[in-house]
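To start, the structure itself, in structure tokens.
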Amino acid sequence: ASWCLFNHASASFFLGKKLVTIDNDCKIYIPHLADLGWKEIAEAIGNIWQAALYLMGRLEEDDRDVLLFQDIVHREPKFHQLPRCTARSAVYALMGDNEKGAEYALSIGNIYLEKAPGHWTCQADCFGRGVCLYAMARKTKQRRYMKA
């Protein structure tokens with residue numbers, strides 16, 4: 001059931017459901033998942049929730065409590081940390097912050113595709129990274145953006 005909630009939150013975000021609805025749903029899901037001991041799933045949904053809140057103007061990027069903008073320290077992230085990559089790439093693409101998005105895309109590479117091949121959110125991850133990389137490749141003509 002917890003993975004259904006994760007996929008519901010992810011699908012709601014990436015398929016364009018109203019951000020207010022995502023906010024309301026996540027307010028309900030996350031505390032219950034944490035109470036049941038599903039802290040990893042709660043964190044995964046929390047990344048989607050934070051992306052929605054950021055797009056609604058209710059979070060700041062420099063807020064240290066915001067997991068969405070904290071880098072995954074180790075190169076071998078656990079599956080529940082991967083939605084942070086996708087949500088962060090989507091936020092950069094949606095907000096038009098192509099420079100940060102492209103640098104982030106270069107730093108994480110194809111980590112989501114390597115860790116979760118075939119998961120439907122890989123498409124969202126590739127799209128978010130691709131938008132930023134394409135925009136920076138056109139703007140700067142730098143090869144590093146083109147070959148990524």
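All residue numbers in this chain count up from 1 along the given sequence. Please read all numbers here as calculations on a predicted model, not as lab measurements.
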Let me confirm one number: the [atom1]-[atom2] distance from [X] to [Y], rounded to the nearest 0.5 Å.
{"X": "S107", "Y": "K100", "atom1": "OG", "atom2": "NZ", "answer": "13.0 Å"}
{"X": "R144", "Y": "L133", "atom1": "CZ", "atom2": "CG", "answer": "9.5 Å"}
{"X": "C126", "Y": "N110", "atom1": "SG", "atom2": "CG", "answer": "6.0 Å"}
{"X": "T86", "Y": "I111", "atom1": "OG1", "atom2": "CD1", "answer": "10.5 Å"}

Where does the angle between the aromatic ring planes of H8 and Y29 fall among parallel (under 30°), tilted (30 to 60°) and perpendicular (over 60°)?
->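 If you compare the ring of H8 with that of Y29, the planes turn out perpendicular.
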4.5 Å side-chain heavy-atom contact, [X] and [Y]:
{"X": "L33", "Y": "F6", "value": "no"}
{"X": "K18", "Y": "I22", "value": "no"}
{"X": "T21", "Y": "S12", "value": "no"}

Are [X] and [Y] grouped together when hydrophobic residues (ILVMFWY) are joined by side-chain heavy atoms under 4.5 angstrom apart?
{"X": "I28", "Y": "F13", "result": "yes"}
{"X": "V20", "Y": "Y54", "result": "yes"}
{"X": "F14", "Y": "L53", "result": "yes"}
{"X": "M95", "Y": "F127", "result": "no"}
{"X": "Y134", "Y": "L106", "result": "no"}

Under the side-chain contact (heavy atoms from CB on, under 4.5 Å) criterion, do L5 and I45 qualify, and how do the steps go?
-> CA-CA 8 Å; L5 292 175; I45 295 173; 4.1 Å; yes
Side chain [X], main chain [Y], donor-acceptor under 3.5 Å:
{"X": "D97", "Y": "A93", "answer": "no"}
{"X": "R129", "Y": "G109", "answer": "yes"}
{"X": "N7", "Y": "W3", "answer": "yes"}

Would you please test K139 and E99 for salt bridge (Lys or Arg N to Asp or Glu O under 4.0 Å) and show each step?
-> CA-CA 10 Å; K139 181 179 177 182; E99 188 170 354; 5.0 Å; no
Tell me, with the steps shown, if C132 and Y104 meet side-chain contact (heavy atoms from CB on, under 4.5 Å).
-> CA-CA 9 Å; C132 294; Y104 183 67; over 6 Å; no
Evaluate the side-chain contact (heavy atoms from CB on, under 4.5 Å) criterion for residues H32 and W38: first the C-alpha distance (whole Å), next the side-chain angles of each, then the deciding distance (0.1 Å), finally the verdict.
-> CA-CA 9 Å; H32 291 296; W38 293 95; over 6 Å; no
Partners meeting salt bridge (Lys or Arg N to Asp or Glu O under 4.0 Å) with K27 (sequence neighbours left out) | D23
Is it the case that more than 12 heavy atoms not belonging to Q142 sit under 6.0 Å from its CD atom?
-> yes
Test side-chain contact (heavy atoms from CB on, under 4.5 Å) applied to R88 and Y92, step by step | CA-CA 6 Å; R88 189 169 169 182; Y92 287 139; 3.3 Å; yes
On a heavy-atom basis, which atom in [X] and which in [Y] lie closest, and how many Å separate them?
{"X": "I108", "Y": "S89", "answer": "CD1-OG, 4.4 Å"}
{"X": "C26", "Y": "P31", "answer": "O-CD, 3.9 Å"}
{"X": "T121", "Y": "S10", "answer": "CG2-CB, 4.2 Å"}

